[in-house]
Amino acid sequence: MYKILKNDGNMELTLVTGIDPNSEGLARAREKGIATSHHGIDAILEDPEIKIVFDATSAKAHKLNAPALRELGKLAVDMTPAAVGPFVVPTVNLHDHLEAMNVNLISCGGQATTPLIHAVNRVVPVHYAEVIATAASLSIGPGTRQNVDEFVRTTANAVQQIGGAKIARAIPVFNPAQPPINMTNSVYAVIKEEFDEAAVIESVQSIAAEISCYVPGYRLKGAPFVDYRETPWGRLPTVVIMNEVIGAGDFFPTYAGNLDIMTASAYRVGDVYAGHFLGVKEVTR
Amino acid sequence: MKIPRLTDTTLRDGDHAVSHSYSPEQVRTIVKDLDEAGVPVIEVSHGSGLNGSTIQQGFSIHSEYDLIKVAVETAKQAKIASLFVPGIGTSKELRKAAELGISVLRIAVHCTEADVTEQYFRLAKELGLETVGFLMMSHTQPARVLAEQAKLMESYGADCVYVVDSAGALVQSGVRERVSALKEALSIQVGFHAHNNLGLAIGNTITALEAGADQIDGTLRGLGAGAGNAPTEVLVAVLNKMKIETGINLAILMDAAEEKIVPLMQSPIVIDRGNLSSGYAGVYNSFLLHVKHAAEKFGVGVSEIMEELGKRQAVAGQEDWILNVAVELAEKKGLKI
């Protein structure tokens, strides 16, 4: 919500809907003069003007919402791990799915790390990739806590599909340190053949710069480097990439970069689709 | 004093110390001895829990399912347990271990994050497993917080909750407070898992028993992550002296420790600079070998990495921060990366 209000893009925010009339989110939307409803998805389905819907419910709820939205021709930008539609990461494949009516944003760890693996993989094939996504305990809500399996499965799938890794693992870590830590991610990409290290590092640095255009707090922590590790496939070079995401502080505290990268990516996806619907030619950066 | 239930975790915590290299044959030999000696529970899995074979934690040479299978086949009286860390393992690996015949699942999380264990406690109970909650890095939180977290685990179906001194950073007063608080708050059993960084693994375990602990852990020869654990054979000897009849055969354990475990050790487990600085800074014990690797690669000291990890409040599973800290320390010193 804050990102749409703050940016002068292709979208207009017409409705914020939830299921709890007393929710803080709805109260904040009303404060900003946005129409709200506590009738959930029904309020959206009744409004023919709404073309793009950001679904931040839960995987279970989204699976119920998706067919109804599709039937009415509304684009669903799915921020849950439901993965009904194709995975989308703005820097990797946004333009591949412009005709899809449902796109999925994977997970915070997926948005932060799959483009980094893609950046390695476009230079040299990644045999195995492992992602460690670490966030402050305070920034992890009950939905994620009650279903860690879902995060692991969805993120690992995206490391393969978006990142291009042949084999993938994704592991979340919740750290309760005080003061709370910023979101940090580590990527290990195991390479089985000889490759140009400098080209890999340059490719990773350039995609990180692209991501920081729509997630301003996104940065690499130091340059990627190569470490040799014992693996089930022998002693192999492993590209190690470390990243930090600091939130914009629009609503969540700045340490919650994991939440910010989801809303920032959703905004970017929504804006490009809105431009596509409106027939606006995208300005090349 | 009551007779505690002893879990030997040589084949789980000790997995860190042998760099995840246990073979099915080694597991068969060690389980046979522990089982004959009368040890009631034997834990077998990757050191970081089921599915822990990763770059972050270290790849296993043999499939842990093969190791679990051999352990289940070999044990005549002992129950086989596995460790499970949510996020490293998922329901899939939990089900698989249950199918292979483990009887006990020990579910481990950082000691403030008990609410991520709910789905796994419920699944483990559905599958008919005995369940134990493992509150890792217990030194970082006061007794009151641990008791609250333990109560959550109890509400999800835990049969026992452990105070886990992952960093070997607790002294005896700290153990007493924490175990007593859990005993008071819970109607289920309470356990204690020690590490020896401050030379207190046996002493702390006895203190835990005095405070009412029902379950304790050991490893043959203390073979475990970092400074290692309370040696199972020493624990049994001490309990014998205290007239606490565990019924466990000390002679078999001593022989197993000397003849089966010592040959597997990459180096003697002693409280050297790395282990002492780790315990003193309150850093997770399985970080040790990863810290040594990073120290060598980036030309910085083991102790300074440990100190910084302690300051940053790293938790279990954050081996990636070791690299980050080493890089930053090297940069600060003007070393070329």
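The sequence lines fix the lettering, A, B, ..., with proteins before strands; numbering per chain opens at 1.
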Structural part of A:A170 lying under 4.5 Å from a heavy atom of chain B: backbone

Chain B contact via A:T238 - side chain, backbone, both or neither, heavy atoms under 4.5 Å: side chain

ring-ring contact (aromatic ring centres under 6.0 Å, His included): pairs with one or both residues in residues 164-195 of chain A, sequence neighbours excluded: none

A:R169 NZ/CZ over A:Y128 ring centroid, <6.0 Å and within 45° of normal: no

Side-chain ion pair, A:R145 and B:E113, N-O less than 4.0 Å: yes

Parallel, tilted or perpendicular: ring planes of B:H46 versus B:H16, cut at 30 and 60 degrees: perpendicular

Which atom of A:A156 lies closest to which atom of A:A168, heavy atoms considered: O-CB, 3.5 Å

Contacting moiety of B:Q318, where chain A heavy atoms sit under 4.5 Å: side chain

Residue pair B:L105 / B:I107: nearest heavy atoms and the distance that separates them: CD2-CG1, 3.6 Å

Proximal component of B:S19, with respect to chain A [non-hydrogen, under 4.5 Å]: neither

B:T112 portion near chain A, given a 4.5 angstrom heavy-atom threshold: side chain

Option in B:P86, B:G317, B:S91, B:A316 with maximal non-hydrogen atom pairs under 4.5 Å from chain A: B:S91

Winner by heavy-atom pair count (cut-off under 4.5 Å) against chain B, out of A:T134, A:V190, A:V240, A:T144: A:T134

Option in B:D115, B:T117, B:T140 with maximal non-hydrogen atom pairs under 4.5 Å from chain A: B:D115

Option in B:V315, B:V116, B:I55, B:T90 with maximal non-hydrogen atom pairs under 4.5 Å from chain A: B:I55

Region of A:T231 in contact with chain B, defined by heavy-atom distances below 4.5 Å: both

B:Y156 and B:F121 aromatic ring geometry - parallel, tilted or perpendicular at 30°/60° bounds: tilted

Side-chain touch A:N104/A:M79, heavy atoms, less than 4.5 angstrom: no

Single hit among B:V85, B:D13, B:L50 for side chain to side chain contact (heavy atoms under 4.5 Å, CB included) with B:S45: B:L50

Proximal component of A:I140, with respect to chain B [non-hydrogen, under 4.5 Å]: neither

Segment of B:I61 engaging chain A (4.5 angstrom heavy-atom cut-off): neither

Interchain contact, A:V187 with chain B, by part (heavy-atom threshold 4.5 Å): neither

Proximal component of A:E130, with respect to chain B [non-hydrogen, under 4.5 Å]: side chain

